[in-house]
Each structure stands twice: as structure tokens, then as C-alpha cells.
Amino acid sequence: HFAAFLEENPKVAKRLLENSARAAKARNAARKARAAVRTGKTSRGHTSLDGKLTRCSSKKVEENELFIVEGDSAGGSAKQARDRKHQAILPLRGKPLNTEKATLAKVLANKEILAIVQSVGAGIAGEFNLDDSNYGRIVILADADDDGAHIKCLLLTFFYRFMRPLLTAGRVYVAQPPLFKISRKSKKKIESRYAWTPEELSKISAKWGKTTTIQRFKGLGEMNPDQLWDTTMNPATRTLVRVTIEDATSAEKQVTVLMGSRSEPRKHWITANVRFGEDEVAEAETDEADAVEEDPPSETSEPTTEATA
């Protein structure tokens, strides 16, 4: 009956065919757009990651690592320090978008987040496919200070909301750069050690005595490439913290509380779970705390050395 109707109404048939052709063309364009977002490649074969992502040479995905580094300065040191075969470097400029408060369209409009999506190469949100990932490990490398902790939190929130299979598969790690370098002269040579906490610094200083020289790293950019390699990037000597999710329900609630748009639940959680001095308590009660300094506790970090990760 429908075929007979079309034969009797050629103008209607023509419009249906034109509409079908336009719909097919739109679907094809949308598919190409999704592929461009996924990989960063344009129709001319170029990529929006050229000049930003420093790729590794190996094609063995399971052995390759993507270091997401805080700042161009630290990114430069990481590029010099890295293992060119297996370690890729993606520097970030400024703090990433808080994706807990953002729509997918807003997330993809953010250049830094889009660079992460294109570097990983496995899609985003409902279209994310872990098997398509370009890297076996994603390593967050940020300064060992409050701003660095905030950047880690923002990135982990993004991975939790839009690339959760990376977390459930245990592929996301946080690097542990040192806070201090302690040096002393020993038999006409300079002996150096690193400390990751003030407590470690105190123990080393007490053991070595008053002849030590202490350098506090204010940021990754202050570290020489060889120091960054020895302490943070060398698989034989570094320590990585693998980020996992043990309880999905608890994780969902805590990420929403800590990173969401409502400040009141966040303030209650901070005052109930974080110990402050008197001045800090007063400040916390008035601050809407849009920036959270600690990783969401829902994402439990399992400290491992590289040998056992």
C-alpha cells in the first residue's frame, strides 16, 4: 500500500528521499565529529594535540604511560626526564574544569579536558571504551602542595564521572614527588636524600646533624629533569598510588558532596572530618570551599611501589 501511495504522490516520495538523504548525511557528519573529539584528528590528517601532547614511541599499550602534568614548566622538565619509549607527557595549563558541575557539552568545550579525552583516545561518558585506550596507565603528576592536591581532586572527579572504567580497572595513578631534598658533604662528595613529609625530613636531619642543606621544592618546575626522573618517574625507584573504588554507592555520594555545587553539605563534611586549628575552623565556616584540597575519600588510594602495581 505504501509503495502504491508513493507512486501516486511523486512529490511526497521525493521529499521523503531528500529527508532520508539529509538524515544520513547528518549521521555521517556526527560520526566524524565524534571521531574527531575522540582522537583529535582532522579531515586533513592533522591533530589538535600537535605541539601539546609529547607522545611515546612504543605501540605496546599495556606498557605505555600518560603523565598528566601540572603546568608547562613542570611539563618541560618531565619531557626531558621521561622514558621516550613508554612515557607520554601532557602538560595542563591552570586548574582543570570541575566536571561534577558541568554538562558533557561544557566538558568537551574545555580545552584542557578535551586534550585529555583525545590523548587517552577511548571516548568519553557513554561512548568510552576501555579497550581503545592508548595507555596502560594514566599518571597524575602535580605539585606536592595544596594547589596540586586540588588539581588531583579535579582530575579524579573527571575520571570518575566520564571515564570511570579507567578507575575500576585500576589504570589511574597519582605520582608522589618529594617535598624536600637534604644534602650534606661526605668524604669530599655531596650525599643527597629526599623526603616526602616533614616527619621524614626531621628524621633525616636528626640523623645527619646540623651540617645538612635543605631544599624545599615549591613546585615540580623547580626540580631538575634528573631529579624528577629519579624520584617520580623512574619505574625502578618511584612510588605510585593506584586509585580504586571500593564502594560505588559511597563513592557516588562523597564525590557529589565534595565536588558538587551545594556548599552546605561540603562544609558539614569538612568540619566533621578534617581537623583544623582555631583560625582555620573560623575560615572554614565562612568559606564556601569550592576548592577541596584532598582527593575524594570515596576513591580509595592503594599505595603500591611500581614493582607491585
Side-chain angles (χ1 to χ4, degrees), residues 1-55 59 61 64 66 68 88 90-136 138 154-169 171-172 245 248-249 251-253 255-256 259-262 290:
H1 297 294
F2 182 64
F5 171 81
L6 293 178
E7 288 179 359
E8 295 173 1
N9 299 271
K11 291 184 178 180
V12 175
K14 183 179 180 181
R15 282 201 301 271
L16 287 174
L17 289 172
E18 290 174 347
N19 289 340
S20 298
R22 280 196 297 269
K25 186 176 181 179
R27 287 194 299 271
N28 188 44
R31 178 183 58 79
K32 290 181 178 179
R34 287 195 298 270
V37 167
R38 188 189 191 100
T39 64
K41 291 183 179 179
T42 66
S43 59
R44 297 183 179 181
H46 300 295
T47 170
S48 59
L49 292 172
D50 289 343
K52 187 172 182 67
L53 172 67
T54 302
R55 295 172 173 83
K59 302 300 182 183
V61 171
N64 292 343
L66 174 64
I68 302 175
L90 179 67
L92 295 183
R93 295 179 179 177
K95 290 186 179 179
L97 177 71
N98 183 354
T99 53
E100 178 65 19
K101 306 174 183 179
T103 63
L104 179 58
K106 186 175 181 180
V107 168
L108 292 176
N110 183 273
K111 291 182 179 179
E112 303 306 310
I113 294 295
L114 182 59
I116 296 174
V117 175
Q118 294 172 342
S119 298
V120 175
I124 187 173
E127 295 187 351
F128 184 84
N129 186 349
L130 184 64
D131 293 335
D132 291 337
S133 175
N134 294 326
Y135 302 95
I138 311 297
L154 291 169
L155 289 173
L156 289 175
T157 300
F158 165 70
F159 288 126
Y160 179 79
R161 284 296 176 210
F162 294 98
M163 294 184 174
R164 196 174 303 182
L166 284 174
L167 290 170
T168 56
R171 290 200 187 184
V172 179
I245 302 174
T249 302
E252 180 71 24
K253 179 180 178 181
V255 170
T256 300
M259 302 304 296
S261 58
R262 297 181 59 206
D290 186 51

The criterion is side-chain hydrogen bond (donor to acceptor under 3.5 Å, both in side chains); which residues satisfy it with D131, sequence neighbours excluded? none

Side chain to side chain contact (heavy atoms under 4.5 Å, CB included) partners of E7, counting only residues at least two apart: none

Take V117 and M163 through the test side-chain contact (heavy atoms from CB on, under 4.5 Å) and record every step on the way to the result. CA-CA 9 Å; V117 175; M163 294 184 174; 3.9 Å; yes

side-chain contact (heavy atoms from CB on, under 4.5 Å) between L130 and R171, intermediate numbers included: CA-CA 10 Å; L130 184 64; R171 290 200 187 184; 4.0 Å; yes

Closest contact, heavy atoms only, R164 versus I245: CG-CD1, 4.2 Å

Nearest non-hydrogen partners of S119 and L66, listed with the distance: CB-CD2, 4.0 Å

Decide side-chain contact (heavy atoms from CB on, under 4.5 Å) for L156 and V172; before the verdict, give the C-alpha distance in whole Å, the side-chain angles of both, and the deciding distance to 0.1 Å. CA-CA 9 Å; L156 289 175; V172 179; 3.9 Å; yes

Would you name the heavy atoms of S133 and L166 that are closest together and state the gap between them? OG-CD2, 4.5 Å

Closest non-hydrogen atom pair between G121 and N134, with its separation: CA-ND2, 3.7 Å

Taking the side chain as everything from C-beta on, heavy atoms only, tell me whether L155 gets closer than 4.5 Å to L92. yes

State the CG-CZ distance between L90 and R55, to the nearest 0.5 angstrom. 10.0 Å

Residues pairing under salt bridge (Lys or Arg N to Asp or Glu O under 4.0 Å) where one sits in residues 106-123, two or more places apart or in two chains, turn out to be K52-E112

Which residues pass the side chain to side chain contact (heavy atoms under 4.5 Å, CB included) test with V61, not counting sequence neighbours? none

Just to verify, what does N64 make a side chain to side chain contact (heavy atoms under 4.5 Å, CB included) with, not counting sequence neighbours? C56, S58, H86, Y135

With the side chain counted from C-beta on, respond yes when L6 and L16 share a heavy-atom pair under 4.5 Å apart, and no when they do not. yes

Under the side chain to side chain contact (heavy atoms under 4.5 Å, CB included) test, which residues partner T99, sequence neighbours left out? L97, V107, I113, T157, F158, F162

Under 3.5 Å: donor-acceptor pair, side chain of N129, backbone of G123: no

To the nearest 0.5 Å, what is the distance between CG on N98 and CZ on R161? 10.5 Å

Results of side-chain hydrogen bond (donor to acceptor under 3.5 Å, both in side chains) for R15 - residues two or more places apart only: none

